[in-house]
Number of protein chains: 2
Amino acid sequence: MYAPERQQQILRLARDGGRVDVLSLAEEFQVTAETIRRDLKALDRAGLVRRVHGGAIPVGRLDFEPDLAERESTAADEKDRIAKAALAELPAEGTVILDAGTTVARVAAAIPLEASLTVVTHSLPIAARLADHPGIQLHLVGGRVRHRTRAAVDAWALRAYGEIRADVLFVAANGFSAGHGLTTPDLAEAAVKRAAVAAARRVVLLADSSKHGQEHFARFGSLDDVDLLITDSGLSPEDTAAVEAGGTEVVRA
Amino acid sequence: MYAPERQQQILRLARDGGRVDVLSLAEEFQVTAETIRRDLKALDRAGLVRRVHGGAIPVGRLDFEPDLAERESTAADEKDRIAKAALAELPAEGTVILDAGTTVARVAAAIPLEASLTVVTHSLPIAARLADHPGIQLHLVGGRVRHRTRAAVDAWALRAYGEIRADVLFVAANGFSAGHGLTTPDLAEAAVKRAAVAAARRVVLLADSSKHGQEHFARFGSLDDVDLLITDSGLSPEDTAAVEAGGTEVVRA
DNA sequence: CCCGTTCGTGCCCGTTCATGCCCGAACCCG
DNA sequence: CGGGTTCGGGCATGAACGGGCACGAACGGG
């Protein structure tokens with residue numbers, strides 16, 4: 001195994017477990033502790049983990065965002081299936097907008113290496129993930145960055161989306177239903193989502209079934225705006241029918 | 001088999017398997033390891049794989065910054081000292097623009113947790129690093145993202161910098177001297193740097209001494225634009241005097 | 001058809017890199 | 001404040017690297 005591969009794995013382990021320690025890693029990878037120390041130092045230098053005595057802690061989990069870790073694991077399986085299904089909606093070539101959110105991030109991570117796309121996003125983690133993808137022309141939407149979601153919002157973001165037109169938008173919502181439409185807890189973020197919806201010819205909503213019926217503070221659209229909903233099999237047939245009655249296609253991954 | 005065919009095959013193998021190694025490829029294609037190395041170097045230059053000791057990994061498989069980690073090793077010590085010295089130039093509170101570049105990234109990494117600042121940057125890695133910094137209000141400058149530097153450039157970025165005014169800019173340059181001014185290899189990036197310089201009341205140039213006297217394709221300013229140069233002790237006294245003669249303060253960390 | 005040029009490849013050899021081992025220093029916990 | 005643990009710099013080693021050179025095949029202008 002190559003050093004960078006090992007470091008990548010270590011990073012994964014750190015993020016999954018919230019921490020790693022030198023000796024277990026040495027055992028795990030069948031190398032000496034010195035090598036692990038070197039790896040951790042490299043990751044530390046790259047700003048990905050914070051070195052502590054005996055091990056390391058991934059950055060971003062250091063003092064807050066217990067929320068992110070939790071959400072990452074919540075419904076992981078459903079999200080993976082949804083992301084996989086979403087790949088089928090990627091155009092062979094063209095322009096795609098990717099909203100912020102863990103499910104959309106999985107779609108981004110699953111984009112095949114040989115894909116040739118133009119991608120627009122206001123999500124920092126998604127941009128970071130796609131930045132070295134050889135086939136992707138990446139356009140970053142700027143703005144004030146919200147700590148919680150690491151997504152850009154406000155004037156710059158709104159204006160940027162106002163100036164473009166994309167083939168497909170993959171958008172996430174914290175709550176959706178035929179009655180309440182699409183909602184999210186933050187007003188600024190809702191405004192950006194609304195702008196993104198307006199910028200796309202085709203709107204694909206990615207939301208696991210637990211989001212159905214939920215209603216949050218800020219509304220950014222109705223189900224009518226959505227051409228396709230990709231969700232999991234947890235969405236009841238009646239709810240599915242209700243959504244489809246509004247003209248939205250539904251895929252239950 | 002022709003070289004490009006072989007390289008295409010290698011790329012396929014790399015993407016399928018997630019990794020390739022020099023010796024097996026040499027065996028597989030019945031050529032020597034040198035030839036494989038040349039192929040991998042070509043693929044590396046094309047940005048399709050990332051070269052590692054003993055083999056290569058397809059780009060996109062690692063989500064941490066490859067060339068960043070690599071370039072970290074070059075003059076790492078000087079860069080650390082420069083970054084440390086740069087911290088003294090951070091205002092207690094106010095607005096700071098951070099240019100892209102490894103040295104500036106070190107400054108970003110070294111910003112104390114209790115700092116309370118507004119930071120503007122068009123660098124993806126720097127933004128990612130600061131996104132979860134509790135005291136920092138982060139503003140991301142959007143634009144087309146260059147693969148090599150992971151920095152946003154072009155119209156959106158230029159306009160964003162045209163609309164703001166910051167207290168301090170920390171800027172990097174690939175080459176600097178009293179005669180040739182500040183230069184960098186990429187035109188688009190030079191334009192963004194120029195816009196950033198114009199947006200800042202005080203310009204701090206971070207450049208290790210190896211950059212002095214170098215001249216690259218695109219010029220984005222002269223040393224007159226720079227209020228303070230932070231470099232390392234490798235800058236000769238005469239060169240230092242020449243820079244200072246132009247009215248630029250010099251700190252040799 | 002000839003011959004100088006270019007390109008791909010192989011071989012050689014000094015250099016660099018990743019890793020492991022060692023040991024004094026720093027650190028953590030009780 | 002003491003004992004055990006961890007750290008990190010220095011050194012050694014074997015593998016990988018890469019620049020330089022040479023050879024042969026393909027190329028291309030005359």
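Just so we're clear, the structure is a prediction, and the values are computed from it rather than from any experiment. A, B, ... follow the sequence lines: proteins, then strands. Residue 1 opens every chain.
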Q: Determine: side-chain N/O of B:K41 to OP1/OP2 of D:dG19, distance under 4.0 Å, yes or no.
A: yes
**Q.** For D:dG30, the Watson-Crick or wobble counterpart (both distances under 3.5 Å)
**A.** C:dC1
Q) Just by distance, do the side chain of B:D167 and the backbone of B:G94 share a donor-acceptor pair under 3.5 Å? A) no
Q | Separation of atom CE in A:M1 from atom P in C:dT19, rounded to whole Å | A | 11 Å
Q: Could you state the atom-to-atom distance from CD of B:Q30 to P of C:dT9 in whole Å?
A: 14 Å
Q | Shortest side-chain distance from B:R51, nucleotide among C:dG8, D:dC17, D:dC7 | A | D:dC17
Q | Atom-pair distance (CG on A:L25; P on D:dC7), nearest Å | A | 11 Å
Q) With respect to the phosphate group of D:dG8, does any side-chain polar atom (N or O) of A:R37 fall under 4.0 Å of OP1 or OP2? A) no
Q) Does NZ or CZ of B:K193 come closer than 6.0 Å to the centre of the six-membered ring of B:F220, within 45° of the ring's axis? A) yes
Q | Interatomic distance where CZ belongs to B:F29 and P belongs to C:dT9 [whole Å] | A | 12 Å
(Q) I'd like to know if the side chain of B:S123 reaches the main chain of B:D99, judged simply by a donor and an acceptor atom lying under 3.5 Å from each other, with no hydrogens or angles considered. (A) no
Q: Figure out the CG/C1' separation between B:L40 and D:dC17, and round it to whole Å.
A: 12 Å
Q) Below 4.0 angstrom from OP1 or OP2 of C:dT9, is there any side-chain N or O of B:R6? A) yes
(Q) Less than 3.5 Å apart, any donor N or O on the side chain of B:H180 or B:S177 sitting next to an acceptor on the other? (A) yes
**Q.** Between C:dC7 (C1') and B:Y2 (OH): distance, integer Å
**A.** 13 Å
Q) Can a donor-acceptor pair under 3.5 Å be found between the side-chain atoms of A:R38 and the base atoms of C:dG20? A) yes
Q: Give the rounded distance in Å between these two atoms: CD of A:E27 and P of C:dG20.
A: 13 Å
Q) According to a strict under-4.0 Å criterion, is B:T32 in side-chain N/O contact with OP1 or OP2 of C:dC11? A) no
Q. Of the nucleotides C:dC12, C:dT19, C:dT9, which one has an atom closest to the side chain of B:E34?
A. C:dC12
Q) Distance only, no hydrogens: is a donor on one side chain within 3.5 Å (strictly under) of an acceptor on the other, for A:K79 and A:T102? A) yes
Q: Return the value, rounded to whole Å, for the distance between atom CG of A:D39 and atom P of C:dT19.
A: 7 Å
